[in-house]
Colleague: 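One structure coming up, written as structure tokens, with questions to follow.
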Amino acid sequence: MSTQPTKYRFSFGPWNIHEGADPFGPTVRTPISFARKLKLYKKLGFDGVQFHDDDAVPGLDKLTPAQIAAKARAVRRMLDGEGLVAEFVAPRLWESPHTIDGGYTANCPKERQYAIERSYRCIDIIRELGCDLMVLWLAREGTYIREAKNARVAVEWLLEAINKMLAYDRGFRIAIEPKPNEPMDHAYIPTIGHAIALAYRADDPSRVGGLIESAHAILAGLDPSDEMAYALSHGKLWSVHLNDQNGLKFDEDKSFGAADLRRAFNQVRVLEEGGYGRNGEFVGLDVKAMRTTKLADNTKHLANSRAFFLALLEKVRTLNRKKEAALIAARDYEGLERYIVEHLMGLR
Ligand code: 3MF
Ligand code: MG
């Protein structure tokens, strides 16, 4: 492993500066235009922009492929003008009337075809934005009730969709973002283990990997750093959505490290020790401001999450490895726990 410390590059998506609507109440902050959001990235210390296909090209379902490409090229020029790069584009397959029953796993063949066509347009946008990564959050690929779909057939449809995308353009990769629930009761690809198993069955396994979101792993009852370690050991951790989650409830998208500092520390450690970022991977933050946040403060959660990451990185780099190794060798895990917690508290 190189001794050169990794210089991390950070990213987020335009949806991470939002107006505060939730399922029970309307927006509470005035919208910020995409162009104004772009101006904030560098100021906040971010270099990468994550996109949904319609963040880049709003209303793409009503446009021709040529119109979509032209609009995407204009976004590319905006990025160039700000010195930013696109990290990934994700097809937003969960808002259209065609995807009420799912995208690639909808029971209706016409709706499944819509999902594929929409994904092709997303790939066109990826190409125009000059990046090589699609993120697949399989939002509605799952069930509200067990009997509504055939779960085994759904896996075959997911695989078929992935293979069609891989064949459509050979110059991009797919990172599956697993999440166990919400909006569905149960999702078909709830963990990174499921995602990676699917990757190995794809026509070109080297082009299918994963994105791990901390909160999604926590919602599955799993430890995000172990999930990240698992993907890293397969060479398949291509992006992350760092954030935090206070137990098993709705997907909170809290600032990274805000609910559990030690859990966040272990994520930073696994990324750092696993060489994450050396092949250009971004440290992505999928965080939401609290609904109480005032308009003037609507990027504090992003700045905070980045600051917490960097502070925890310092904790990782200053950990006394000899002391840790001695405690492990003595099987003194009580002593190890005390050392780790005191290190995090700044006592040692
Ligand atoms: C949902 C998410 C999504 C995805 C995004 C990109 C809105 O829980 O995390 O954020 O990250 O759609 O795939
Ligand atoms: Mg996410």
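Counting begins at 1 with the first residue of the sequence. On a predicted model such as this, the values are computed, not experimentally measured, just so you know. Order of appearance sets the numbers: ligands from 1, and atoms from 1 within every ligand.
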Colleague: For atom NZ of K315, decide whether the heavy atoms of other residues, nucleotides or ligands shown that lie under 6.0 angstrom number more than 12.
Modeller: yes
Colleague: Taking R263 first and then D223, would you say they form a salt bridge - that is, a charged N and a carboxylate O separated by under 4.0 Å?
Modeller: no
Colleague: Among K42, K37, K39, which one satisfies salt bridge (Lys or Arg N to Asp or Glu O under 4.0 Å) with E82?
Modeller: K39
Colleague: Given R127 and D169, is the salt bridge (charged side-chain N to carboxylate O under 4.0 Å, His left out) satisfied, shown in steps?
Modeller: CA-CA 9 Å; R127 198 185 306 122; D169 182 323; 2.9 Å; yes
Colleague: Measure the spacing between CG of N243 and NZ of K254 and express it to the nearest 0.5 Å.
Modeller: 10.5 Å
Colleague: From the options D53, D54, D61, select the one residue that forms a salt bridge (Lys or Arg N to Asp or Glu O under 4.0 Å) with R92.
Modeller: D54
Colleague: Please give the atom name: the N, O or S atom of E213 nearest to the Mg ion (ligand 2).
Modeller: OE1
Colleague: Using the Mg ion (ligand 2) as the vertex, how large is the angle between ND1 of H241 and OE2 of E177, rounded to 10 degrees?
Modeller: 90°
Colleague: Ignoring hydrogens and geometry, is there a side-chain-to-backbone donor-acceptor pair from S255 to S305 under 3.5 Å?
Modeller: no
Colleague: How is the N/O/S atom of D286 that comes nearest to the Mg ion (ligand 2) named?
Modeller: OD2
Colleague: Pairs of nitrogen or oxygen atoms, one from ligand 1 and one from the protein, closer than 3.5 Å: please tabulate them with distances.
Modeller:
residue	atom	partner	partner atom	Å
ligand 1	8 (O)	K179	NZ	3.0
ligand 1	8 (O)	H216	NE2	2.8
ligand 1	8 (O)	D251	OD2	2.8
ligand 1	9 (O)	E177	OE2	3.1
ligand 1	9 (O)	E213	OE1	2.8
ligand 1	9 (O)	H216	NE2	3.3
ligand 1	9 (O)	D286	OD2	2.9
ligand 1	10 (O)	D286	OD2	3.3
ligand 1	11 (O)	E177	OE1	2.8
ligand 1	11 (O)	E177	OE2	2.8
ligand 1	11 (O)	H241	ND1	3.0
ligand 1	11 (O)	D286	OD2	3.0
ligand 1	12 (O)	H52	NE2	2.6
ligand 1	13 (O)	E177	OE1	2.9

